[in-house]
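Because the structure is predicted, anything quoted here is derived from the model rather than measured. Reminder, nothing fancy here: chain letters follow the sequence lines and each chain counts from 1.
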Amino acid sequence: MTLLELQNQLKLQIRGAALARWGVELEGINAETPPRPDLGDVAFPVAFELARLIKQGTGIKVAPRAIAEELKPALEAPAEVSRVEIAGAGYINVFFDRAKLLADFSVSTLAPAETITDESRPKMMVEHTSINPNKAAHIGHVRNAVLGDTFVRILRAAGQRVEVQNYIDNTGVQVADVVVGFMDIEGMNLDQIKAMDQSLTGEQSFDYYCWDLYTRVGLFYRDDNPTADPNPEKLKLRTEVLHALEAGHNPTAELADYVATRNVECILDTMDRLDIRYDLLARESDILGLHFWDRAFELMKQAGVIRLESEGRSKGCWVMPFESHTGTEEHEADKVIVRSNGTVTYTGKDIAYQLWKLGHLGLDFNYRPFRTYANGQIAWTTSTVPNSDVLPEVPRPSFGGGVTVYNVIDSRQSYPQEIVARGVAALVPELGKSASVHFGYEMVALSVAACDDLGIDLSDDDRARPFIEMSGRKGLGVKADDLIDRLEVDARREVGSRHPELSPEEWQATAHEIAVGALRYFLLKFTRSTVIIFDFKEALSFEGETGPYCQYAAVRANSIFRKLDSQAPAAAWDLIRNAGSDEAIRTKVADALQGETGTEIWSLVMLAEKFDEVIAQAAASAEPANVAKYTFNLARAFNLFYHRHRIIAEGDATKKAVLVATADIARRQLTAALLTLGINVPERM
RNA sequence: GGGCCUGUAGCUCAGUGGAAUUAGAGCGUCUGUCUUCUAAACAGAAUGUCGCAGGUUCGAGUCCUGCCAGGCUCACCA
């Protein structure tokens, strides 16, 4: 029996008792952890709520304490419960049979988070990263990818089947701008770009080249004056490129496709460094090429979701009524979906794509493999070329048709996301708005100090602001690969001085794990609604509340088991399990878990066993920071345990068995928690 | 002006309506702990008008209302 199962059983007991005794149907029952472990293992404040419900139902006033007393027998029933105490005004504190439960935990080992592929299971869909493929990724993009990837891991740990998508906007303005840069600033054709790409060394990759070029394009439009308005003549170049991209099958589109694809490859390389991988790259050019929008347009017209305006400021446009902004009557807030010139807006395309994700468009993409990762996983890409033309066709999973779609997009996009969700809900009422979830989060910004550090000039106005927004257009940002490189250099220096016996390859591998741990944890410890004001000192730290701190705790735990006699762990668990049948052993195990010291050891076991519950809650609330905080607390509790108890040297066999079992549970759960955050535990550090 | 979000220690942040004397971490500051299973660690000290004012109830940092301060957003751009 796991802790979660036991808690659910206790809740069932309470629900049953409340129904039998007072005829009250309890909805959700809250289980709490008492403020101190000596007060009990789990507490239920349910008597207070029952008092209110009983009064509502019957008018009779019953004291919470009396209710708690009446619930007590039901909670004492399970074999895992040793006793129940009523405390304070009506708290029900439950104490577990620690010896029995510890034995149970040995068999309830956490199932490894396997990827579920059973196609009959409902599918969750998570779209994240979705970086415009015209430049290198910066730290803000990494927050998106790490949040999305971690949420995917959380859903999988919670037993869900998940498909991961990365949307590639390869026909938008941003790609067009870089194409303008190549053609009109650099004067390059496709062959010259390819040659340049080939000549790039490890120092500068294609996405870095584009990063710089992109900022030059911004200046080029403004005739090299950063504060001036763009020159309309030069903006025409962008418009021409955009038209060429939309039309397809021309040299400009071919050039743009090369540029976008190379940037996608670079960005995927960056994300792969952080153990972030994708099932499908959905490309905008294929959404256009396969006429997804035309189908969606028909559906929307048929359903009466949009209407053609015959007068007013939106005359000639197809709009979707959207009445949430009722502040001023002069501007109705209807959202234009099709412009008066007949072209579709971004929102319109997004509705079509969202319909496909939910399996309600009635059209599908074609697919081909894009890359194979080192672990054998294949990232597919959408295509306009029929699958049957790609012979022999590789077996592929079925894409799309999600039950719930999570779009990981920063909260600046919450307005358009709301419109997409409403549009889809209006078209397919049986789905409802809950099928489309905007997984929003605040941006990563730069502090004034960080800008100084990066050598960025700021205006006095900017200096007065609480933070500086990053901007790809202005080249303002911390590039992801730069930061990872810097973390790896720092970690490698540290590992090198601590473990001179290791080989350079081992240094590098360990430094890499530590760098990933530091970066991922740094981005995950903040809740989604917090703006991260990027600070080099904090991001580069390996001490305190950091990923490496958590990794270190697991490394220390593993080191105990490396040095322990090889038979010891199995022997320890045998002894703990025998406590079930042998009364003498049982008493000794129970003793080891009693008193101040025993309770402290037991509290680590309890915390470790809460992992399932934390995962369930993080999946329901879509808040990866919960798992990060939990992981840190577990690591902290383990470090304290490690400091207080000498496990290998422990002389008493029973005590030693309890310590070994506790350390085993802690390291197993800590490793699982870290893995859910996408952080691996190195051999040594 | 409308919508969404934020305001908790010197700094950066956690905190599902719950505790009988104490609102928590990390960083920073001060003081201790390596001949030990790894000191990337552990222990202790100092630091708080939980933005302000009302309300709801057995109980409010948490819920409601109003106010103050800050951020994002509200195109036929993408």
Q) Any donor and acceptor pair, going by atom type alone, linking the side chain of A:Asp453 with main-chain N or O of A:Ala449 inside 3.5 Å? A) no

Q) Do any N or O atoms from the side chain of A:Ser340 and from the backbone of A:Cys317 form a donor-acceptor pair under 3.5 angstrom? A)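 Between the backbone of A:Cys317 and the side chain of A:Ser340 there is no qualifying donor-acceptor contact (under 3.5 Å).
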
Q: Find which nucleotide of RNA chain B each of A:Thr345 and A:Asn30 is nearest to by heavy atoms, and output the residue with the more 5' nucleotide.
A: A:Asn30

Q | Nearest-nucleotide comparison on RNA chain B, the residue closer to the 5′ end among A:His499 and A:Gln174 | A | A:His499

Would you mind reading off the distance between [X] atom [atom1] and [N] atom [atom2], rounded to a whole angstrom?
X	N	atom1	atom2	value
A:Ile533	B:rG7	CD1	P	13 Å
A:Glu32	B:rA19	CD	P	7 Å
A:Asn93	B:rG18	CG	P	15 Å
A:Glu418	B:rG3	CD	C1'	10 Å
A:Glu613	B:rU16	CD	P	14 Å
A:His438	B:rC72	NE2	P	16 Å
A:Trp507	B:rA40	CH2	P	17 Å

Q) Who are the salt bridge (charged side-chain N to carboxylate O under 4.0 Å, His left out) partners of A:Glu442, not counting sequence neighbours? A)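 Result, salt bridge (charged side-chain N to carboxylate O under 4.0 Å, His left out) vs A:Glu442: none returned.
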
Q: Check salt bridge (charged side-chain N to carboxylate O under 4.0 Å, His left out) between A:Arg636 and all other residues, then give those that pass, not counting sequence neighbours.
A: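 Partners of A:Arg636 under the salt bridge (charged side-chain N to carboxylate O under 4.0 Å, His left out) test: none.
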
Would you indicate, yes or no, if [N] has its OP1 or OP2 atom less than 4.0 angstrom from a side-chain nitrogen or oxygen of [X]?
X	N	result
A:Ser529	B:rU6	yes
A:Arg556	B:rA40	no
A:Ser411	B:rU73	no

Q: Not counting sequence neighbours, which residues clear side-chain hydrogen bond (donor to acceptor under 3.5 Å, both in side chains) with A:Ser541? List them please.
A: none

Q: Taking side-chain hydrogen bond (donor to acceptor under 3.5 Å, both in side chains) as the test, write out the residues that go with A:Asp652, two or more places apart.
A: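 A:Asp652 satisfies side-chain hydrogen bond (donor to acceptor under 3.5 Å, both in side chains) with no residue once adjacent residues are dropped.
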
Q.
Looking at A:Ser340 and B:rC76, is any side-chain donor or acceptor paired with a base atom of the opposite kind under 3.5 Å?
A.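 It does, because a donor-acceptor pair links the side chain of A:Ser340 to the base of B:rC76 below 3.5 Å.
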
(Q) Suppose we call a contact any N or O donor and acceptor under 3.5 Å apart; does that hold for the side chain of A:Arg412 and the base of B:rU73? (A)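 Per atom types, no contact qualifies.
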
[X] near the nucleic acid: base, sugar-phosphate alone, or nothing, with a heavy-atom cut-off under 4.0 Å?
X	value
A:Ala43	base
A:Ala31	base
A:Leu640	sugar-phosphate

(Q) Any salt bridge linking A:Arg562 with A:Glu683? Criterion: basic side-chain nitrogen under 4.0 Å from a carboxylate oxygen. (A)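 Salt bridge between A:Arg562 and A:Glu683, a charged N being under 4.0 Å from a carboxylate O: yes.
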
Who pairs with [X] by ring pair (Phe, Tyr, Trp, His ring centres under 6.0 Å), at least two apart in sequence or on another chain?
X	value
A:Tyr552	none
A:Phe297	A:Trp293, A:Trp318
A:Phe536	A:Phe534

[atom1]-based separation of [M] from [N] [nearest Å]:
N	M	atom1	value
B:rG61	B:rA53	C1'	16 Å
B:rG24	B:rG44	P	13 Å
B:rA41	B:rG2	P	49 Å
B:rU22	B:rA46	C1'	15 Å
B:rU62	B:rG55	P	14 Å
B:rC76	B:rG17	P	39 Å
B:rG7	B:rC67	C1'	14 Å
B:rG18	B:rA23	C1'	13 Å

Of the listed nucleotides ([options]), which one gets closest to any side-chain atom of [X]?
X	options	result
A:Thr527	B:rG70, B:rC72, B:rA14	B:rA14
A:Tyr549	B:rA43, B:rC42, B:rC72	B:rC42
A:Asn639	B:rC42, B:rC72, B:rA40	B:rC42
A:Lys629	B:rC13, B:rA40, B:rC76	B:rC13
A:Tyr552	B:rC13, B:rA19, B:rA41	B:rA41
A:Thr347	B:rA40, B:rC5, B:rA78	B:rA78
A:Met443	B:rC76, B:rA14, B:rC72	B:rC72
A:Arg498	B:rA39, B:rG15, B:rA41	B:rA39
A:Met685	B:rC13, B:rA19, B:rA40	B:rA40

Q. Any stems for RNA chain B, made of 3 or more Watson-Crick or G-U pairs in a row, each with both distances under 3.5 Å?
A. B:1-7 with B:68-74, B:10-13 with B:24-27, B:29-33 with B:41-45, B:51-55 with B:63-67

Contacts under 3.5 Å, N or O only, protein and nucleotides 26-33 of chain B:
{"unit_1": "B:rG26", "atom_1": "O2'", "unit_2": "A:Glu545", "atom_2": "N", "d": "3.4"}
{"unit_1": "B:rC27", "atom_1": "O2'", "unit_2": "A:Lys537", "atom_2": "NZ", "d": "3.3"}

Q. Between A:Asn407 and A:Tyr167, does any side-chain donor sit less than 3.5 Å from a side-chain acceptor?
A. no

**Q.** Distance-only donor-acceptor check, side chains A:Thr510 and A:Arg684, under 3.5 Å
**A.**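 Checked: A:Thr510/A:Arg684 side chains show no N/O donor-acceptor pair below 3.5 Å.
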
(Q) Under the rule for side chain to side chain contact (heavy atoms under 4.5 Å, CB included), what residues qualify as partners of A:Asn8, not counting sequence neighbours? (A) A:Leu4, A:Lys11

**Q.** Sequence-distant partners of A:Arg473, side chain to side chain contact (heavy atoms under 4.5 Å, CB included), two or more places apart
**A.**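 Expected list: A:Asp177, A:Tyr214, A:Arg238, A:Ser471.
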
Show each protein N/O and nucleotides 57-59 of chain B N/O combination with a separation under 3.5 Å, one pair to a line.
none

Q) B:rC34: syn or anti, with syn meaning chi within 90° of zero? A) syn

Q: Of all the heavy-atom pairs spanning A:Ser411 and A:His438, show the shortest one and how long it is.
A: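 Looking at all heavy atoms of both residues, the shortest contact is CA-CE1, 4.2 Å.
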
